[in-house]
Amino acid sequence: MVVERKDLFVGGIEAGGTKFVCAVGRAPEDVCRPENRTEFPTGDNPGQLISRVIDWFAEKQSREPLSAIGIASFGPVDLEKGSPRYGHITSTPKPGWANTDLVGPIQRGLGNIPVGFDTDVNGAGLGEYFWGNASGLEDFVYITIGTGIGAGGMARGQLLHGLVHPEMGHLRLPRVAGDEFPGVCPYHKDCWEGLCSGPAILKRAGTPAEKIPPDHPAWKYETQYIGYAIANIVCTLSPRRVIIGGSVRKAGQLGEEAFFHAVREHVQTTLNNYVVSPSLLGDGVHRYIVPPLLGDNAGVCGALALGQLECSIAEECREKVQLINY
Ligand code: ZN
């Protein structure tokens with residue numbers, strides 16, 4: 001029997017620093033239905049939260065068996081299969097969460113079904129590759145800018161993994177002249193995340209991003225630094241598209257369109273026509289740096305995608321599943 005990817009009924013967990021979004025389904029339209037999704041606050045007691053997550057999926061599983069679960073997690077995480085800490089959140093400063101095993105208890109709690117596990121950004125990137133703005137592209141970068149900054153994506157059709165996983169959110173950037181803001185990263189102060197995450201904007205402007213007036217200098221710094229960072233990413237990874245998700249890109253009173261316009265312009269100015277591609281020159285950049293097509297569901301859809309992908313790798317279903325388009 002051949003099962004196509006789109007027929008696989010799976011679970012997905014978008015494990016974020018603020019909340020865990022859980023869903024079941026086969027495709028993005030399924031996760032829009034309230035009966036197919038729920039949310040739990042992340043809190044500081046992983047054991048208690050994981051039990052609630054397992055109970056929710058077990059109830060869904062009793063109605064229709066899940067082929068797999070995908071977990072797209074905040075990090076840092078251990079993605080090295082065979083490592084004693086595989087499936088763990090490792091060194092996070094988030095209270096209660098350092099060295100937490102996510103994959104183990106969830107897999108055991110749901111009858112040892114296959115569990116796909118990756119970073120939140122690789123997950124969201126895979127979701128955009130299956131159903132969104134990275135469709136048909138084997139080299140792209142997915143960036144999220146929210147509570148923190150992370151980036152993942154694909155090179156040659158493979159999710160970006162390596163020594164650990166990319167940590168582009170902690171790139172060091174040139175400082176904009178006149179900007180004395182010290183930054184908020186506990187490790188590096190003024191790295192990209194330290195300068196541009198939601199908490200950084202709050203500290204810089206004294207008010208959350210959604211309430212900052214459009215002409216406030218905080219937006220000028222924000223979009224300029226994002227422009228520097230994307231220019232660096234273009235120079236190192238040569239992605240065929242860059243997707244920016246997360247809450248900050250909505251840019252409150254400035255608006256998403258003006259935000260993207262400024263970022264694109266800064267990327268072009270920084271690269272200064274050096275990288276020769278129609279995607280980066282002139283109007284091509286409007287299709288090159290874009291928001292996620294899946295919008296706010298990019299993360300949870302990405303988790304579903306990780307579950308479906310795991311079915312092509314897991315021995316128990318490898319022979320019966322043909323992953324169309326992957
Ligand atoms: Zn940092």
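Read the numbers this way: they start at 1 and go in the same order the structure lists the ligands and their atoms.
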Partners passing ring pair (Phe, Tyr, Trp, His ring centres under 6.0 Å) against His188 (at least two apart in sequence or in another chain):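 Result, ring pair (Phe, Tyr, Trp, His ring centres under 6.0 Å) vs His188: His170.
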Pair Asp118-His161, side-chain donor/acceptor within less than 3.5 Å: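 Judged by distance alone, the side chains do pair up.
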Check: Arg240 side chain, Phe140 main-chain N or O, donor-acceptor pair, under 3.5 Å: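 Absent.
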Arg5 side-chain N/O to Gln308 backbone N/O, donor-acceptor pair under 3.5 Å: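 The answer is no, because no donor-acceptor pair under 3.5 Å joins these two groups.
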Sole residue of Thr119, Asn122, Val121 in side chain to side chain contact (heavy atoms under 4.5 Å, CB included) with Leu160: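 The option that passes is Asn122.
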Distance filter under 2.8 Å, centred on the Zn ion (ligand 1) - protein N, O or S atoms that pass it: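 For the Zn ion (ligand 1), the protein N, O and S atoms that sit under 2.8 Å away are His170 ND1, Cys185 SG, His188 ND1, Cys191 SG.
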Residue pair Met168 / Ile143, side-chain heavy-atom distance below 4.5 Å: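 A side-chain contact is absent here, since even the closest heavy-atom pair is not under 4.5 Å.
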